[in-house]
Amino acid sequence: MAEPLPKGYEPQNVESRWRGVWEDSGVFTPDPNAPGEPFSIVIPPPNVTGALHMGHALNITLIDALCRHARQKGKNTLWIPGTDHAGIATQNVVERALAGEGKTRRDLGRDAFVERVWAWKEEYGNRILDQIRALGASVDWSRLRFTMDDRLSAAVRKVFTQLYNEGLIYKGTYIINWCARCHTALADDEVEHEQRKGMLWRVRYHLADGSGAIVVATTRPETIPGDTAVCVHPEDERYQSLIGKTALVPVLGRQIPIIADAYVDREFGTGALKVTPCHDHNDWALGKKHCLQFIQVIDENGRMTQESGPYAGLDKNACRERIVKDIEAAGNLLDVSDMEHAVGHCYRCHTVVEPHVSEQWFVAATKLAPAAREAVPELTRIFPESWIKTWNHWLDNIRDWCISRQIWWGHRIPAWTCAACGRLAVAEETPSACPACGSGDLVQDEDVLDTWFSSALWPFSTMGWPEKTADLERWYPTSVLVTGFDILFFWVARMMMMGLHFMGQVPFRHVYLHALVRDAEGRKMSKSTGNVIDPLAMADKYGCDALRFTLASFAAMGRDVRLSEERIEGYRHFVNKLWNAARFALIHLEQMPPAVDLGAARGLHNQWLLHRLETVKTGMDAAFTEYRFNDAAQLSYKFLWNEFCDWYLELVKPDLQSDDAERTGTAKFVLWTALRELLVLLHPIMPFVTAEIWRCLPTPAGEVSDLARELWPEARPACVRETEADDMDFVREVIVAVRTIKAELNIAPSQKASLLVHPLDSGQAALLETGREMILTLARLESLRMEKRLNAPKASASAVVRGCQIIMPLRGSVDLAGELARLGKELDKVEKDIMASNKKLHNESFITRAPEQVVERERGHAAALRDAREKLLALKNRFSEALAEDVK
RNA sequence: GGGCAGUUAGCUCAGUUGGUGGAGCAUCGCCCUUACAAGGCGGGGGCCACAAGUUCAAGUCUUGUACUGCCCACCA
C-alpha cells in the first residue's frame with residue numbers, strides 16, 4: 001500500500017529501522033544448499049582495537065555494493081564478518097591500561113594477563129562491529145568470526161603442525177628485526193623504513209702488526225665493540241695489501257681479520273666496511289659467508305652487553321656518545337659528516353628497530369611463494385592490473401617469514417620441549433608425554449604467532465576448515481577479495497600461499513585493490529596528523545547513504561581518494577533529490593497502476609525515458625561487475641537528476657492531470673516502473689533511502705516487500721529505441737533554445753511568449769507537432785505556430801536547432817541590442833566550428849584515409865553547420881533592419 | 001638506486017576500445033513554476049604539465065623532460 005512520505009528525509013530513523021529489519025529477517029544469511037551461482041567475500045577483519053576510519057568505510061561500502069548487487073543477480077551470496085586479534089596492537093592497548101594502574105604484564109603473569117586481554121576484547125572489541133553494522137553492511141552475522149575463536153585457533157595449530165612436518169616451518173637462530181619497546185621480533189614487512197638525518201663517522205682501525213691503519217665509515221659507532229671483521233672490495237686497489245691482515249677494534253683492541261667481498265661498494269665512505277654480524281642484516285650475511293665470529297653487544301632492551309667491555313650496561317645511545325669520545329680522545333676519529341639514511345621503525349609503536357640475533361620460528365616463504373606468484377593472473381586476477389608487477393617482484397624477492405613474537409596475546413606456538421631429553425615436539429593438541437622419551441615434563445614454547453599467520457588462513461578458516469563443511473564446499477574459493485593495497489603483502493600474498501597449500505585452490509578469484517583514503521591535501525589520514533574525517537560523524541550528519549555514495553563515486557580504480565566534507569554534503573543533496581522525486585511520484589501512485597505494455601507505450605517522453613532506463617541498467621550492471629564503482633555512481637546520478645527529475649517528471653505532469661485515461665495510465669505505469677527499477681539500481685550503493693522509498697511504493701499484489709530481496713530488473717529489449725530517444729532530444733533542444741533566449745534577454749520566465757518555428761523538413765514538422773504540448777509547457781509559451789515561410793516580425797529573438805529556425809517575437813521593452821549580441825555570439829561559435837570542420841574536409845588524407853563513416857558524419861556535420869550559419873545570418877540581418885527601423 | 005601512479009575548469013575529481021573535453025562544489029544572472037530553495041532555469045570559466053613521435057585525427061597510444069605522491073631496495 002502506498003503511504004505518503006514525510007516532508008524531509010531523516011536518515012537516522014530510517015537507517016536504524018532497516019538495520020533491524022534486515023538482521024531479523026535473515027536476508028543476509030544464505031543457505032549453502034540454496035540455488036544460485038555462489039558468490040562470497042570474507043571481510044578484511046579489522047583489529048579489535050580499531051575504531052572505524054574512512055578506509056574501513058570505503059572498504060565496507062564497496063564490498064556491500066558488490067554483495068547487494070550479487071544478490072540482485074540471483075547469486076547465493078555470503079559475506080563473512082569478523083575481527084582480528086591484532087597481537088601486538090591489542091597487547092599494547094591493555095599494557096597501557098595496566099600502566100595506568102602502575103602495573104606491568106609481568107606483575108600479572110601470563111595467564112592473568114591473557115585473561116585481562118580477553119576481558120578487554122569482550123568489552124571493547126565489538127565496537128568496530130557495531131560501526132560496520134551502522135554502515136549498512138549486509139554481512140551474515142550468524143557467521144561472525146574472530147581469529148582466536150576455538151575453531152580458528154584449531155585451524156592455526158593444524159596448519160602450523162603440518163607445515164612443520166613438511167619442513168616448511170623451522171626454528172633457528174637468525175638475525176631478525178627487534179622492537180625493544182614491544183619487546184618482540186618483527187617480520188621484515190612490519191618494519192617501516194624512513195629517511196632520517198644521521199651522521200657518518202670515519203674511524204681509524206690500526207693494524208695489529210703496527211704497519212698502518214685502515215679507515216672505515218660507520219653510522220653506528222656503538223656497534224664497534226661487536227665488530228668481527230673489516231671488509232673491502234676484492235678489486236679495490238687501495239686495499240690490496242691489507243686483505244688478509246689483522247686490524248684492531250678501536251678502544252677494545254680485539255683482533256679482527258680484514259676480508260674481501262664484492263658486496264662492498266667502493267664508492268661509499270672509505271670503501272672499507274666494518275662488519276658487525278649480530279647487529280646488521282648484511283653483516284650477518286657476510287659473517288655467515290666468511291665464518292666470522294658473532295658477538296652480540298646490544299641486548300634485547302637496547303643496552304650494551306658484557307661483551308662490549310667498558311660500555312657494558314650502558315644504553316646504546318649513551319654508548320654511542322661515549323665511544324665516539326673515546327675514539328676521538330685516542331686520535332682515531334677522522335671526521336664526522338651528515339648523511340641521510342633509511343632507518344627502520346616498528347610499524348606498531350614507531351620505535352627504531354634493532355637488528356637482533358635470536359632463536360625464532362620461520363615459515364619457508366621462499367618455498368611457498370612461487371605457486372602464489374604463478375596463480376596471478378591465470379587463477380586470480382588483480383584489479384587494477386598495474387599491481388601485478390609489484391606482486392611478482394615481491395614474491396620473487398621474498399625472504400623466509402619470521403612468525404614468532406615474544407608477546408603473550410595471540411596463538412601460542414604449539415611446540416613443546418622435553419625437559420628430560422630436550423627433544424622438540426610439535427602437535428595440534430597439547431601432548432601428555434614426550435613422543436621421544438615418554439617424559440611428562442614438557443615445556444611449551446613461550447612465543448605466540450605473528451597475527452598475520454592466522455589472517456593468512458582467513459578465507460578457509462572462517463568457513464570451518466579443517467572440517468569439510470557445506471560452506472567450504474559451496475563458497476571456497478571466494479569470489480573477490482576487496483582490500484587496500486597497503487596490505488597486499490602482509491595479507492593478500494600470505495592468504496594466497498596458505499590457500500594454495502592447504503586447499504589446493506586459490507583463496508579468491510579476483511583481488512580488487514582500492515585506494516587509500518587521504519585528506520583534502522592528499523595526506524594519509526592519521527590520528528597524529530589530526531586530519532581524520534570520522535565516517536560515523538559524517539554518516540550521522542549527512543546520512544549513511546550520502547557517505548556511501550560519496551565513497552563509491554570517489555573509488556576510481558588505481559587512484560587515491562581525497563575526501564572532503566563538501567563532497568559528502570553535495571551527495572546528501574542527491575539523496576534528498578531522490579527522496580523528493582519519490583514523494584512526487586507517490587502522490588500519483590496511491591494505487592498500483594494497471595500494467596501497460598511498455599514496449600508499445602505511447603508518448604515520446606515515455607519512450608525516451610524507458611530507453612534511457614535500459615541504457616543505464618546495462619551500464620550500471622557492467623560497472624558493478626567490473627569494479628567501476630565511480631561509473632555506477634555517476635551513471636545513476638546523471639540519470640536520476642538530469643533526466644528523470646529535470647525532464648521526465650516535468651514532462652509527465654500534464655499526463656497526470658489529463659482526462660485521457662489511457663494517457664494517464666501509461667504515464668503512471670512508466671513512472672512507477674522507472675522509479676521502481678531506479679531504486680533497485682541505486683540500492684547497492686544507497687541501501688537505506690532506497691529501501692525506505694521501496695516500502696512505500698505500491699506493489700502489484702499489494703503486499704509489502706523488502707528491496708534487499710529484489711532481483712536486478714530484467715532487460716526490456718522492446719524499450720530500446722534509439723530513434724525515438726533522439727527525437728525526444730530534438731524536442732528538448734528546442735525547449736532549451738527558448739529558455740536560453742528568455743534567460744539571456746532577461747525576459748521573465750513566466751512571461752508567456754509565443755513562438756514561431758520554421759522546421760527543416762516534414763520530419764521535424766511532425767516532431768514539433770508531437771512535442772507541441774511539451775514545448776508549450778516546459779518552455780512556458782502561449783502558442784506555437786509552424787510556418788513554411790518566415791513570416792515573423794523583424795523584432796524577434798531567434799535561434800537555430802538542428803536547422804530548425806526558432807523565432808520569438810519580442811514585445812514590450814526588451815533588450816534589442818542584447819539580442820543582436822546574442823546572435824553574434826552564436827554565429828561566432830558556428831563560424832569556429834565550420835572552420836574546424838572545413839580544415840578536416842579539405843584535408844585530402846582525411847577524406848581518403850579516415851573510415852568512410854567518419855567522413856560521412858563530418859560532411860553531414862559541416863552541412864548542418866553551414867545551414868545554421870545561413871539561417872542565423874538571415875535572422876541577424878532581419879533583426880539589424882528592425883533595429884535600424886527602431887532607431888528611426 | 002629501481003618500480004608504480006598522478007599532472008584536465010578557481011577547488012576536488014571523472015573521461016572503457018584514438019573522432020571537435022564532463023560532474024560536484026565555487027562563481028554570475030533570472031526565478032519561491034504546488035516533489036525538492038538541500039531547489040529550478042540559463043551563463044561564464046580549460047593551448048587536457050612540457051616536448052617530440054605514431055596517425056587523416058591524440059586528453060586518450062609511444063618516448064623523453066619537469067614536478068608531486070606512493071611502494072620496494074643491503075649502500076655501511
Side-chain angles (χ1 to χ4, degrees), chain A residues 5 7-9 189 193 200 216-220 223 231 263-265 267-270 272-276 280-286 339 341-342 384 386-387 389-390 393-394 397 485-486 488-489 516 518 520 522-524 542 550 553-554 556 558-564 566-567 569-588 622-623 626 628 630-631 633-634 637-638 641-642 645-646 649-650 653 736 739-744 746-750 777-778 780 832-833 836-837 840 843-851 853-855 857-858 861:
Chain A
L5 294 174
K7 173 85 179 164
Y9 176 57
D189 55 9
H193 291 272
L200 188 68
V216 305
T218 180
T219 53
R220 302 201 56 199
T223 64
C231 189
Y263 157 74
V264 175
D265 180 353
E267 306 301 316
F268 188 87
T270 62
L273 167 71
K274 72 181 204 62
V275 185
T276 320
D280 184 278
H281 292 279
N282 303 305
D283 293 6
W284 167 267
L286 280 175
M339 77 164 290
H341 61 140
S386 56
W387 282 99
K389 265 194 180 178
T390 313
H393 182 260
W394 192 79
N397 294 287
F485 57 75
D486 51 329
L488 182 62
F489 306 126
L516 254 41
R518 299 175 185 282
R523 296 170 306 185
K524 209 167 167 175
Y542 301 108
T550 309
S553 64
F554 261 124
R559 276 195 72 147
D560 283 346
V561 174
R562 288 198 191 192
L563 196 72
S564 65
E566 289 72 28
R567 189 77 176 252
E569 192 178 0
Y571 286 120
R572 176 186 55 168
H573 298 173
F574 177 65
V575 175
N576 199 244
K577 189 74 177 175
L578 171 62
W579 182 259
N580 281 300
R583 281 199 335 139
F584 169 77
L586 285 170
I587 291 169
H588 301 280
E626 295 159 22
R628 291 181 286 110
N630 58 320
D631 286 346
Q634 196 183 342
Y637 187 100
K638 293 180 103 161
W641 202 311
N642 302 120
C645 289
D646 288 351
L649 291 186
E650 297 306 321
K653 278 174 183 172
V736 168
R739 284 173 174 171
T740 305
I741 290 172
K742 281 190 171 185
E744 297 202 335
N746 271 327
I747 299 168
S750 54
T777 313
L778 296 206
R780 306 186 79 180
K832 252 178 87 179
D833 290 351
S837 191
K840 269 191 182 178
N843 182 345
E844 192 56 33
S845 312
F846 176 71
I847 306 293
T848 51
R849 310 186 76 150
Q853 253 186 328
V854 175
V855 176
R857 198 178 357 155
E858 194 57 41
H861 185 56

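Quick note on labels: first sequence line is chain A, next is B, and so on, each numbered from 1. Computed from heavy atoms alone, side chains included, the values below leave out hydrogens, waters and symmetry copies.
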Can you tell which of rU12(B), rC75(B), rG29(B) lies closest to the side chain of Arg567(A)?
rU12(B)

What is the nucleic acid contact for Leu488(A), judged by heavy atoms within less than 4.0 Å: base, sugar-phosphate only, or nothing?
nothing

Looking at rG40(B), rA76(B), rA14(B), which one has an atom nearest to any side-chain atom of Asp631(A)?
rA14(B)

When you measure from the side-chain N and O atoms of Lys653(A) to the phosphate of rA35(B), is any distance below 4.0 Å, counting only OP1 and OP2?
yes

Could you check which nucleotide pairs with rC75(B) in any of the strands shown, counting Watson-Crick or G-U wobble with both distances under 3.5 Å?
none

Which is true for His281(A) with a 4.0 Å heavy-atom rule: it touches a base, it touches only sugar-phosphate, or it touches nothing?
nothing

Would you call His573(A) and Lys577(A) a side-chain contact if the rule is heavy atoms closer than 4.5 Å?
no

State whether the side chain of Asn580(A) and the backbone N or O of Asn576(A) hold a donor-acceptor pair below 3.5 Å, judged by distance alone.
yes

Interatomic distance, Glu267(A) CD vs rC75(B) C1' [rounded to whole Å]
11 Å

Round to the nearest Å and state the distance from Lys577(A) atom NZ to rA37(B) atom P.
9 Å

Phosphate-side-chain proximity, Lys389(A) and rG3(B), N/O vs OP1/OP2 below 4.0 Å
no

What is the separation between atom CD on Glu650(A) and atom P on rU34(B), rounded to the nearest whole Å?
10 Å

Could you tell me whether Glu744(A) contacts a base, only the sugar-phosphate backbone, or nothing, with contacts defined as non-hydrogen atoms closer than 4.0 Å?
sugar-phosphate

Ignoring backbone atoms, establish whether Arg739(A) has a side-chain N or O less than 4.0 Å from OP1 or OP2 of rG42(B).
yes

In whole angstroms, the gap separating P of rC70(B) from CZ of Phe489(A) amounts to 17 Å

Judged by atom type as modelled, is there a donor-acceptor pair below 3.5 Å linking the side chain of Lys653(A) to the main-chain atoms of Thr777(A)?
no

Return yes if some donor-acceptor pair links the side-chain N/O of Asp280(A) with the main-chain N/O of Thr276(A) below 3.5 Å, else return no.
no

Mate of rG19(B) across any strand shown (Watson-Crick or G-U wobble, both atom pairs under 3.5 Å) is rC56(B)

From CG (Asp283(A)) to CG (Leu273(A)), nearest 0.5 Å:
5.5 Å

Can you find a side chain N or O atom of Arg583(A) that sits less than 4.0 Å from OP1 or OP2 on rA35(B)?
no

Could you tell me whether Arg780(A) contacts a base, only the sugar-phosphate backbone, or nothing, with contacts defined as non-hydrogen atoms closer than 4.0 Å?
base

For Asn843(A) and Tyr263(A), take the nucleotide of RNA chain B holding the closest heavy atom to each; which residue's nucleotide lies nearer the 5' end?
Asn843(A)

Taking CG from Leu586(A) and P from rU34(B), how many angstroms apart are they, rounded to a whole number?
19 Å

Distance, C1' atom - from rG42(B) to rC67(B), rounded to whole angstrom:
39 Å

Indicate whether OP1 or OP2 belonging to rG39(B) is found under 4.0 Å from a side-chain N or O atom of His573(A).
yes

Between Asp280(A) and Thr390(A), name the one whose nearest nucleotide on RNA chain B is closer to the 5' end.
Thr390(A)

Using a 4.0 Å heavy-atom cut-off, does Cys231(A) contact any base of the nucleic acid, only the sugar-phosphate backbone, or nothing at all?
nothing

Please work out if Trp641(A) contacts a base, only the sugar-phosphate, or nothing of the nucleic acid, heavy-atom cut-off 4.0 Å.
sugar-phosphate

Compare side-chain N and O positions of Trp579(A) against OP1 and OP2 of rG39(B) and report whether any pair is under 4.0 Å apart.
no

Hey, does Asp646(A) reach any base, or is it just sugar-phosphate, or nothing, if we go heavy atoms under 4.0 Å?
sugar-phosphate

Please confirm whether the ring centroid of Tyr571(A) lies under 6.0 Å from the ring centroid of Tyr637(A).
yes

Taken to the nearest whole Å, CZ/Phe584(A) to P/rA35(B) is 6 Å

When both distances are under 3.5 Å in a Watson-Crick or G-U wobble arrangement, the nucleotide paired with rU7(B) is rA66(B)

Strand partner of rG44(B), provided both Watson-Crick or wobble distances fall under 3.5 Å:
none

Using a heavy-atom cut-off of under 4.0 Å over every strand shown, decide if Val736(A) touches base, sugar-phosphate, or nothing.
sugar-phosphate

From NZ of Lys840(A) over to P of rC56(B), roughly how many Å is that when rounded to an integer?
14 Å

Same-atom distance (P) from rC71(B) to rU63(B), integer angstrom:
25 Å

Complementary nucleotide of rA26(B), counting Watson-Crick and G-U pairs under 3.5 Å:
none

C1' atom, rU17(B) versus rA58(B): distance in rounded Å?
14 Å

Could you check how far CD of Glu858(A) sits from C1' of rA57(B), rounded to whole Å?
10 Å

Expressed as a whole number of Å, how far does the C1' atom of rG22(B) sit from that of rA14(B)?
7 Å

State whether the side chain of Lys742(A) and the backbone N or O of Pro749(A) hold a donor-acceptor pair below 3.5 Å, judged by distance alone.
yes

Keeping Thr848(A) on the side-chain end and Glu844(A) on the backbone end, is there a donor-acceptor pair under 3.5 Å?
yes

Phe554(A) side chain, from C-beta outward: closest of rU12(B), rA76(B), rG29(B)
rU12(B)

